[in-house]
There are 2 protein chains.
Amino acid sequence: MAKILPLIDADFLRHGQDHYLRHLSVDCVIFGFHENQLKVLLLKWKVGPWCLPGGFVKKAESLQDSAIRTLHERTALKNIFLQQFYAFGHPLREKGKARDTKLRGTWLEDRFVTIGYYALVDYSKVKPHPDMFSDECTWWDIESVPELLYDHNEILTKALEALRLDLHYHPIGYNLLSKKFTMPELQKLYETILAKPVDRRNFQKKILSLKILVRLKERKTGGAHKSPYLYKFDEAKYRKALREGLAGGF
Amino acid sequence: MAKILPLIDADFLRHGQDHYLRHLSVDCVIFGFHENQLKVLLLKWKVGPWCLPGGFVKKAESLQDSAIRTLHERTALKNIFLQQFYAFGHPLREKGKARDTKLRGTWLEDRFVTIGYYALVDYSKVKPHPDMFSDECTWWDIESVPELLYDHNEILTKALEALRLDLHYHPIGYNLLSKKFTMPELQKLYETILAKPVDRRNFQKKILSLKILVRLKERKTGGAHKSPYLYKFDEAKYRKALREGLAGGF
DNA sequence: TCAAAAGTGTTTCGGATACACCCATGA
DNA sequence: TCATGGGTGTATCCGAAACACTTTTGA
């Protein structure tokens, strides 16, 4: 569970349980990619540590819709790639929660089980949105994430593992990159997620063999060296690959 | 959510919410293997359809422990291989629940989100345990599972998909077979889970290359043909492979 | 003109697949 | 003795990995 404070007001504390499912929250690990760095969107309360953006589940809302809502509130994006990856339910996962006197006697004092979702978004399209109760909402490099609220570091780690596994079966990049991108950019994305280097030429061969990319006439200019081609995803084939998985894998 | 009726008594209906987390349940897809058939353990209420064995989450209990408890109640087994695979949270997933008048006005009338676990157990060691509220608790062939309660068919399907994926990264069989088993038995297990035939000789080479099996001196006698060797898992190497994953995959 | 990045091959290797032969067993 | 299933070995293929050369660009 995240975003207790951001959501807290008197009414929410008293009547939240009339609108939301008790004991249940959704946390979103929002991945972005910028300047050859994998990023994650974190939220900071006015008082307290950084945490994952999260929310609660309305009484007539699916888990997925709850995650979509949370995501929209933070990034103002719609049609985001979203994947459920794990449910965290250790009874003591919310370390330090009991000390929060504001919650005493409210439904938020209870133990929460949280459903983890990860999202892949286009960094350039996101205007991070702190709400009125939180100080900041910004991107962090994946390697330099600070100590987070509760078990959120663990959730983040698990999200990254899930993403790595999914990488082998699903085409990613469509969601993390701009519409047009270069092959080196896509390669760097894979390298960052997998946390290991990949041979430039073999990568190109493999990714092109998936037949989900279209090479454009344009090249990317402005770089200090030979200008690389721009590519975009073949939407139809990309969708098909998403549905059916990548035969070869990665 | 499953096992509403099996657990129902007046006290549970009235006071269940004092001991269990509301809106939250755990469902277990228990896989077994017998006579070259992948099986799943299903429960039948005295009134109503077949369903997955499930249970509720105690207030100070982890999701995993809740699943372990459920499993123990049905199979009397401990130390079971257990894997969380998905959380099912569609608000209308419990189709037909509203019609159940017994639940009216109780905490069970509410919508439930259920966490799906699958388990791999040694068929020969299980004595299926219907409790006093349920008629039957028996093994079903995976291909001939009947129409189940709520969205349990969907849950079962998803469990099977998860098992298939995990198969590539984790050594299974240790949990589904007896201590000693033959190579053809293990092969049939893989074939049933993957739902496709595998070449006998290539299978043997591959599985042996994983170095997690030990061939025993004994052979299995009584078959109508050449007696196959018996194998067992090398416990240490098996555990290592479970932790670190199978390099080659399957 | 030159260093660095990008485009486009070829070679090599290992694992996966396909396939063949012999052996043991109970009917 | 023979049909069937089980143990073991070899040839082949394909994708992955390793590697080389040329081209373009701004500094």
Side-chain angles (χ1 to χ4, degrees), chain A residues 35-36 164 167-169 171 173 177 180-232 241 245-250, chain B residues 35-37 164 167-169 171 173 177-178 180-232 241 245-250:
Chain A
E35 289 179 346
N36 292 339
R164 274 185 194 136
L167 194 60
H168 295 282
Y169 298 103
L177 299 171
K180 300 174 185 177
F181 51 90
T182 69
M183 193 57 74
E185 278 165 3
L186 185 61
Q187 183 186 338
K188 281 279 186 271
L189 172 59
Y190 273 78
E191 287 182 331
T192 344
I193 294 177
L194 294 171
K196 68 178 183 190
V198 173
D199 181 89
R200 188 169 59 86
R201 298 147 289 188
N202 293 334
F203 177 81
Q204 169 142 340
K205 253 179 295 179
K206 193 162 176 178
I207 210 85
L208 288 179
S209 76
L210 301 176
K211 308 278 187 191
I212 53 174
L213 292 187
V214 178
R215 187 163 93 177
L216 305 175
K217 292 272 159 58
E218 315 169 60
R219 287 155 172 263
K220 174 168 188 163
T221 56
H225 306 288
K226 181 169 181 177
S227 34
Y229 283 103
L230 285 170
Y231 290 83
K232 65 170 184 177
L246 296 173
F250 216 95
Chain B
E35 289 178 346
N36 291 339
Q37 268 290 336
R164 275 188 193 134
L167 194 59
H168 296 282
Y169 298 102
L177 299 171
S178 311
K180 301 173 184 177
F181 52 89
T182 68
M183 193 58 74
E185 279 165 3
L186 185 60
Q187 183 186 337
K188 281 280 187 271
L189 172 59
Y190 273 78
E191 287 182 331
T192 342
I193 294 177
L194 294 172
K196 68 178 182 189
V198 174
D199 182 88
R200 186 170 61 87
R201 300 148 288 190
N202 294 332
F203 176 81
Q204 168 142 338
K205 252 180 298 180
K206 192 161 178 179
I207 210 86
L208 288 179
S209 75
L210 300 176
K211 306 278 186 191
I212 54 173
L213 292 188
V214 179
R215 187 163 92 177
L216 305 175
K217 293 270 159 58
E218 314 169 62
R219 287 155 171 266
K220 175 168 188 165
T221 57
H225 307 288
K226 182 171 181 177
S227 35
Y229 284 102
L230 285 170
Y231 291 83
K232 66 170 184 175
L246 295 175
F250 216 95

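Every chain is numbered from 1, with letters handed out A, B, ... down the list of sequences.
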K.L.:
In this structure, how many angstroms lie between the P atom of C:dG7 and the CG atom of A:Leu213, rounded?
P.N.:
12 Å

K.L.:
Taking all non-hydrogen atoms of both residues into account, name the closest pair between B:Thr182 and B:Pro228 and its distance.
P.N.:
CG2-CG, 3.7 Å

K.L.:
Check every atom of D:dT25, C:dG7, D:dT8 against the side chain of B:Arg215 and return the nucleotide holding the closest atom.
P.N.:
D:dT8

K.L.:
Partners of B:Ser227 by side chain to side chain contact (heavy atoms under 4.5 Å, CB included), sequence neighbours excluded?
P.N.:
B:Arg219

K.L.:
Within the 4.5 Å heavy-atom criterion, are B:Leu208 and B:Gln204 side-chain neighbours or not?
P.N.:
yes

K.L.:
Got a sec? Which of residues 188-203 of chain B come in under 4.0 Å of DNA chain D, heavy atoms?
P.N.:
B:Arg200, B:Arg201

K.L.:
State whether B:Ser227 places a side-chain N or O below 4.0 Å from either non-bridging phosphate oxygen (OP1 or OP2) of C:dA24.
P.N.:
no

K.L.:
Can you list everything that forms a side chain to side chain contact (heavy atoms under 4.5 Å, CB included) with A:Arg200? Sequence neighbours excluded, please.
P.N.:
A:Gln187

K.L.:
For the pair made of CG in A:Leu208 and C1' in C:dA6, what is the distance, rounded to whole Å?
P.N.:
13 Å

K.L.:
Is the distance from OP1 or OP2 of C:dT8 to the nearest side-chain N or O of A:Gln204 less than 4.0 Å?
P.N.:
yes

K.L.:
Can a side chain N or O of A:Lys206 be found less than 4.0 Å away from OP1 or OP2 on D:dG15?
P.N.:
no

K.L.:
Among residues at least two apart in sequence or on other chains, which ones pass side chain to side chain contact (heavy atoms under 4.5 Å, CB included) with B:Pro171?
P.N.:
B:Ile212, B:Tyr238, B:Ala241, B:Leu242, B:Leu246

K.L.:
Can you tell if the side chain of B:Met183 reaches within under 4.5 Å of the side chain of B:Tyr229, non-hydrogen atoms only?
P.N.:
no

K.L.:
Mapping B:Lys205 and B:Met183 onto DNA chain D by nearest heavy atom, which one lands closer to the 5' end?
P.N.:
B:Met183

K.L.:
Tell me every residue that passes side chain to side chain contact (heavy atoms under 4.5 Å, CB included) with A:Lys232, counting only those two or more places apart in sequence or in another chain.
P.N.:
A:Val214, A:Leu216

K.L.:
Measure from CD on A:Gln187 to P on C:dT8 and round the result to the nearest Å.
P.N.:
15 Å

K.L.:
Please give me every residue in residues 217-226 of chain A whose heavy atoms get under 4.0 Å of an atom in DNA chain D, ordered by residue number.
P.N.:
A:Gly223, A:Ala224, A:His225, A:Lys226

K.L.:
Between atom CG in A:Leu210 and atom C1' in D:dG15, what is the gap in whole Å?
P.N.:
13 Å

K.L.:
Just how far, in rounded Å, is P of D:dA17 from CD1 of A:Ile207?
P.N.:
13 Å

K.L.:
Side-chain contact test, heavy atoms from C-beta onward, threshold under 4.5 Å: evaluate it for B:Leu189 versus B:Phe181 and give yes or no.
P.N.:
no

K.L.:
Can you tell me how far CZ of B:Arg215 sits from CG of B:Leu230, rounded to the nearest 0.5 angstrom?
P.N.:
11.0 Å

